[in-house]
Amino acid sequence: MSALIPISTFFIGCHGLLALGLSYQVVMERTRTRIWHGATTTEVASQPDYLKNPNAWAAFVEKLTQQTVVTKQADDGVLQRKIRAYGNFTEYVPIALLFLVALELMQAATGLIWMLGAMLIVARIAHAWGLIQTYGPSPGRAIGFFGTWLVYIIGSVACLYYSVQQF
């Protein structure tokens, strides 16, 4: 049985793994910093200290964390950058993947679909890396957002072109 949209499906799988990796980065940074909600210690200052009277689950997580994860004593901004890398990914990737699916269903040129998919994965990896590694502007972030915008521009125009062909 052949897949209806094999190229799009491939890139959906790639981006699913990338999303999982970014999510894992956030979870591990939350564990290291003990910032379970929000992105900074200031944002959670009004939250109750879960270790003053921990429930069974909190006590278990704390014990496991102390044994397996090197924790941080200060907020260095990395958690906030990891949260934004994941958030930015979830804001931009779904629509870009819809371009791939729609174009493949419209039987657009396979080279175009491969190009857009490859450009998107490179752009999103570059953006996440640039955002996590550096506070402020960075080459990775620039490559990422310009690459993503290029996918949006080309994908939008191609979708309009192929849809007009059907009228």
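Values in this document were obtained by computation on a predicted structure and should not be read as measured data. FYI, side chains are in, hydrogens and waters are out, and symmetry mates aren't considered; it's all heavy atoms of this structure.
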Check for me, please, whether V164 and V157 land in the same ILVMFWY cluster - side-chain distances under 4.5 Å, paths through other members count.
no
To the closest 0.5 Å, what do you measure between OG1 (T71) and CD (E62)?
8.0 Å
Compare all side-chain heavy atoms of L22 with those of T90 and state whether any distance is below 4.5 angstrom.
no
Answer whether the closest heavy-atom distance between the side chains of I154 and M115 falls below 4.5 Å.
yes
Distance (rounded to the nearest 0.5 Å) between L103 CG and I5 CD1
11.0 Å
Do E104 and T9 have side-chain heavy atoms sitting under 4.5 Å apart?
no
For S156 and F99, which heavy atoms make the closest approach, and how far apart are they?
OG-CZ, 3.4 Å
Can you tell me how the ring of F11 sits relative to the ring of H15, calling it parallel under 30°, perpendicular over 60° and tilted otherwise?
tilted
Over 12 foreign heavy atoms within 6.0 Å of CD, Q66
yes
Are L97 and W114 linked, directly or through intermediate hydrophobic residues, by side-chain heavy-atom contacts shorter than 4.5 Å (ILVMFWY only)?
yes
For the student: nearest non-hydrogen atoms of F89 and A19, plus distance
CE2-CB, 3.4 Å
To the nearest 0.5 Å, atom CZ of R124 lies from atom CG of N88 at 4.5 Å
If you compare all heavy atoms of G144 against all heavy atoms of A126, which two are closest, and at what distance to 0.1 Å?
N-CB, 4.2 Å
Shared hydrophobic cluster, L98 / L150 (ILVMFWY, side-chain heavy atoms < 4.5 Å)
no
Measure across A96 and V151 and return the closest heavy-atom pair with its distance rounded to 0.1 Å.
CB-CG1, 4.0 Å
Heavy-atom side-chain proximity of L105 to L4 below 4.5 angstrom:
yes
Single-linkage hydrophobic cluster V78~L131, side-chain heavy atoms < 4.5 angstrom:
no
So, taking the atom named CD1 in I7 and the one named CG in L100, what distance separates them when rounded to the nearest 0.5 Å?
9.0 Å
Side chain to side chain contact (heavy atoms under 4.5 Å, CB included) assessment of T148 paired with H127
CA-CA 9 Å; T148 302; H127 186 271; 5.8 Å; no
Say you draw a straight line from CZ of R141 to OG1 of T134; how long is it, rounded to the nearest 0.5 Å?
9.0 Å
Side-chain contact, heavy-atom cut-off 4.5 Å: M28 with R32?
yes
Any side-chain heavy atom of Q80 within less than 4.5 Å of one from E29?
no
Can you check whether M106 reaches I113 side chain to side chain, under 4.5 Å on heavy atoms?
no
Where A123 and I143 come nearest, the two heavy atoms and their spacing
CB-O, 4.2 Å
Do R81 and Q25 pass the side chain to side chain contact (heavy atoms under 4.5 Å, CB included) test, and can you show the C-alpha distance, the side-chain angles, and the key distance before you say yes or no?
CA-CA 10 Å; R81 293 195 308 271; Q25 290 286 316; over 6 Å; no
Is it the case that more than 12 heavy atoms not belonging to N53 sit under 6.0 Å from its CG atom?
no
Between CD1 of I132 and OH of Y86, what distance do you get to the nearest 0.5 Å?
12.5 Å
Mark yes when over 12 heavy atoms from residues, nucleotides or ligands other than I95 sit less than 6.0 Å from its CD1; otherwise mark no.
no
What are the two closest non-hydrogen atoms of A58 and N55, and how far apart are they?
N-OD1, 2.7 Å
Verify the cluster assignment for I121 and F10: are they in a single hydrophobic cluster under the rule of side-chain heavy atoms below 4.5 Å apart?
yes
Is the distance from the ring center of Y152 to that of Y92 below 6.0 Å?
yes
